[in-house]
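First up is the structure itself, then whatever we jot down about it.
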Amino acid sequence: MDITTELVWAQCDACSSCVRFTPPATPTFLPNNSSSFAEVGCTSQTCQRMIPGEHGCTHDDDPCGYPNDFYAWNTSGVLATDIFTFGTTPVPGVMFGCSGDIMVQDLAGASGVAGFSRGALSLVSQLNISSFTYFIAPHGDAASKSFVSWTWGGSADHQFAAGQMLTGGRRSSTPLLAAKKNQLYPDLYYVNLTGLQVDGQLLTAIPPGTFDVRPTGSGGVFLSSTLPVTYLEEAAYNVLRPELVRRIQSQGVAPVTAGDDVNNLCFLTRNFSGAKIPGIALVFDGANATMELKVENYFFAVADGQLTCLTILPSIGGSILGSLLQAGRTMTCDIHGGQLTFQTAAAGAPTPGVWPMIMATLVVWMLCPQNFF
């Protein structure tokens with residue numbers, strides 16, 4: 001699942017000229033075997049509204065296509081409808097992308113992506129999902145499995161769970177922010193991050209309003225279930241980073257150079273593993289709405305495990321809370337109620353179920369600054 005995109009797409013039977021980086025054995029949808037499959041035509045209002053000017057139509061009877069970069073998943077194909085079955089409940093007329101070209105190597109083994117943004121093509125909109133919950137398994141934790149579940153159709157009687165939800169643990173809630181006028185990404189899930197703590201101490205040097213949505217529509221803080229790293233506004237990152245360095249270096253563990261980018265904050269793993277790493281917490285709007293992170297939520301071993309690097313990077317124009325930061329807790333988006341609830345597992349709680357959530361794989365990377373806004 002991807003909460004930052006609206007397109008639901010599946011790998012379809014590839015054409016002879018298709019480019020596909022995923023393994024040949026990856027499960028593939030065969031539209032010719034489905035009597036209910038129907039392509040969306042170029043002249044349809046849906047095509048004109050959803051993919052204006054980019055649908056690659058030459059003739060009126062052509063199918064409505066989408067280009068490689070249209071939904072940021074580097075996949076191209078045609079829009080279509082078919083019957084989707086969730087559990088035992090069939091839902092006719094679900095619109096999705098039937099993809100031929102799959103240009104994302106990180107999706108090796110995935111049959112497609114379920115878009116869970118607020119956009120018109122997402123499952124959230126098509127099924128009228130009122131709330132959904134997802135769990136991203138911590139990296140290297142073989143006992144945990146990612147999952148997603150939701151309540152849909154405007155009724156609590158319609159529920160679907162791919163996996164088992166966590167029980168117990170600390171629960172905290174913060175408002176999901178409604179889109180403001182001229183907001184750049186109105187379909188995403190924004191939250192009101194009010195500050196950062198290191199070892200329980202609020203970083204008061206972060207300027208007020210750093211995490212706010214600006215009148216121009218940029219800024220703000222939104223969630224991502226597929227981008228592994230977290231990006232914080234430079235004004236916040238430039239306070240957080242030196243505080244972490246100061247506390248770690250006071251134990252005789254100094255940063256090392258990793259690549260040409262000055263934003264890489266890395267340590268030799270053999271030294272890092274013996275240090276007391278400062279704890280980071282995110283402070284959100286709401287009563288006791290503080291998300292206390294584990295070290296693995298913001299440091300990750302790279303370069304064959306020789307280096308351990310901070311997975312929080314600076315950005316300009318907004319902040320993104322990535323999947324590594326969210327891992328190990330359930331995240332519930334109550335769309336109708338306008339609330340995000342996050343919950344950590346209680347000691348001894350059962351591990352989530354066995355259905356995998358589709359998400360991009362974190363590969364060995366060298367950190368670099370980004371401007372996504």
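When reading the values below, keep in mind they use all heavy atoms of this one structure, side chains included, and skip hydrogens, waters and symmetry mates. Given the structure is predicted, the values throughout are model-derived calculations rather than measurements.
A heavy-atom distance below 4.5 Å is not found between the side chains of Val94 and Ile83. Contact annotation: the side chain of Val283 never approaches that of Leu196 to less than 4.5 Å [non-hydrogen atoms, C-beta and beyond]. Side-chain contact between Met291 and Arg329: present, with at least one pair of heavy atoms (C-beta onward) separated by less than 4.5 Å. Contact check for Val245 versus Leu265: side-chain heavy atoms found under the 4.5 Å cut-off. Proximity of Gln48 to Gln45: side-chain heavy atoms (C-beta onward) are nowhere separated by under 4.5 Å. Looking at heavy atoms from C-beta onward, Phe116 lies in side-chain contact with Ile129 at the 4.5 angstrom threshold. Two residues are said to be in side-chain contact when any heavy atoms from C-beta on lie closer than 4.5 Å; Thr290 and Gln197 meet this criterion. Looking at Thr133 and Trp150, their side chains never come closer than 4.5 Å, going by heavy atoms from C-beta outward.
Of all heavy-atom pairs between Ala114 and Leu123, the closest is CB-CD1, 4.1 Å. Closest approach of Ile136 to Ser225, counting heavy atoms only: CD1-O, 4.1 Å. The shortest heavy-atom contact between Tyr231 and Pro314 is CD2-O, 3.7 Å. Contact detail for Leu7 and Gly97: the closest heavy-atom pair is CD1-N, 4.1 Å. Leu244 and Pro278 make their closest contact through CD2-CB, 4.0 Å (heavy atoms, listed as atom of the first residue, atom of the second, distance). Residues Ala289 and Ser172 come closest through the heavy atom pair CA-CB, 4.0 Å.
Taking CZ of Phe37 as the start and CG of Leu30 as the end, the distance is 11.0 Å to the nearest 0.5 Å. The line from OG of Ser273 to CG of Leu268 is 10.0 Å long, rounded to the nearest 0.5 Å. Once rounded to the nearest 0.5 Å, the distance linking OG of Ser131 with CG of Leu176 reads 11.0 Å. The OG1 atom of Thr194 sits 7.0 Å away from the CG atom of Asp285 when rounded to the nearest 0.5 Å. Taking CG of Asp187 as the reference point, atom CZ of Arg118 lies at 8.5 Å (rounded to 0.5 Å). Rounding to the nearest 0.5 angstrom, the gap separating the CG atom in Leu188 from the OG1 atom in Thr5 is 9.0 Å.
Of the possible donor and acceptor atoms, one in the side chain of Asn297 sits under 3.5 Å from a partner among the backbone N and O of Leu324. Although no hydrogens or angles enter the test, the distance criterion places a donor-acceptor pair under 3.5 Å between the side chain of Asp199 and the main chain of Gly279. Side-chain N or O atoms of Gln339 include none that pairs as donor or acceptor with a backbone N or O of Pro175 at under 3.5 Å. Distance alone, capped at 3.5 Å, places no donor-acceptor pair between the Ser99 side chain and the Thr75 backbone. Without hydrogens or angle criteria, Glu6 side chain to Ala120 main chain gives a donor-acceptor distance under 3.5 Å. Put simply, the side chain of Ser122 gets close to the backbone of Gly119: a donor and an acceptor are under 3.5 Å apart. Looking at Ser250, its side chain does come within 3.5 Å of a backbone N or O of Arg247 through a donor-acceptor pair. Listed for the Thr210 side chain is no donor-acceptor partner under 3.5 Å among the backbone atoms of Ala236. Between the Glu233 side chain and the Gly318 main chain, a donor and an acceptor come within less than 3.5 Å of each other. In this structure, Thr230 contributes its side chain and Gly322 its backbone to a donor-acceptor pair below 3.5 Å.
Between Phe86 and Phe84, the angle of the ring planes lies from 30° to 60°, which puts this pair in the tilted group.
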Next item on the list: Apply side chain to side chain contact (heavy atoms under 4.5 Å, CB included) to Val124 and Phe132, showing your working.
Entry: CA-CA 9 Å; Val124 168; Phe132 65 89; 4.1 Å; yes

Margin query: Run the side chain to side chain contact (heavy atoms under 4.5 Å, CB included) test on Leu177 and Val191 for me, step by step, so that the C-alpha distance in whole Å, both residues' side-chain angles and the decisive distance to 0.1 Å come before the verdict.
Written below: CA-CA 6 Å; Leu177 303 181; Val191 289; 5.5 Å; no

Margin query: side chain to side chain contact (heavy atoms under 4.5 Å, CB included) for Phe300 and His139? Distances and angles first, verdict last.
Written below: CA-CA 9 Å; Phe300 194 85; His139 180 79; 3.4 Å; yes

Check: Given the rule in the side chain to side chain contact (heavy atoms under 4.5 Å, CB included) test, do Gln251 and Lys276 qualify, once you have shown the distances and angles that lead to the verdict?
Finding: CA-CA 8 Å; Gln251 303 173 62; Lys276 181 182 181 299; 3.6 Å; yes

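Sorted by first and then second residue, the ring-ring contact (aromatic ring centres under 6.0 Å, His included) pairs involving residues 192-218 (not counting sequence neighbours) form an empty list.
Listed by chain and number, the residues in a side-chain contact (heavy atoms from CB on, under 4.5 Å) with Ala205 are Val239 (sequence neighbours excluded). Every residue meeting the side-chain contact (heavy atoms from CB on, under 4.5 Å) condition with Pro138, not counting sequence neighbours, appears here in chain and number order: Phe135, Asp141, Ser144. Evaluation of the side-chain hydrogen bond (donor to acceptor under 3.5 Å, both in side chains) rule for Arg270 yields no partner, not counting sequence neighbours. With sequence neighbours left out, Cys98 forms a disulfide bond (SG atoms under 2.5 Å apart) with Cys12. For Asp212, the salt bridge (Lys or Arg N to Asp or Glu O under 4.0 Å) criterion is met by no residue, not counting sequence neighbours.
The hydrophobic cluster containing Leu202 does not contain Val198, counting ILVMFWY residues as joined when their side-chain heavy atoms lie under 4.5 angstrom apart, directly or transitively.
A donor-acceptor contact closer than 3.5 angstrom links the side chains of Asp82 and Ser36. Thr332 and Thr341 share no side-chain donor-acceptor pair at under 3.5 Å. No donor-acceptor contact under 3.5 angstrom links the side chains of Tyr189 and Thr4, judged on distance only. Under 3.5 Å, the side chains of Thr269 and Thr308 contain a donor-acceptor pair of N or O atoms.
Exactly one of Val78, Thr81, Asp61 qualifies for a side-chain contact (heavy atoms from CB on, under 4.5 Å) with Glu39. That residue is Val78.
Under the 6.0 Å cut-off for aromatic ring centres, Phe299 and Phe272 qualify, their centroids lying closer than that.
The SG atoms of Cys42 and Cys47 do not lie less than 2.5 Å from each other.
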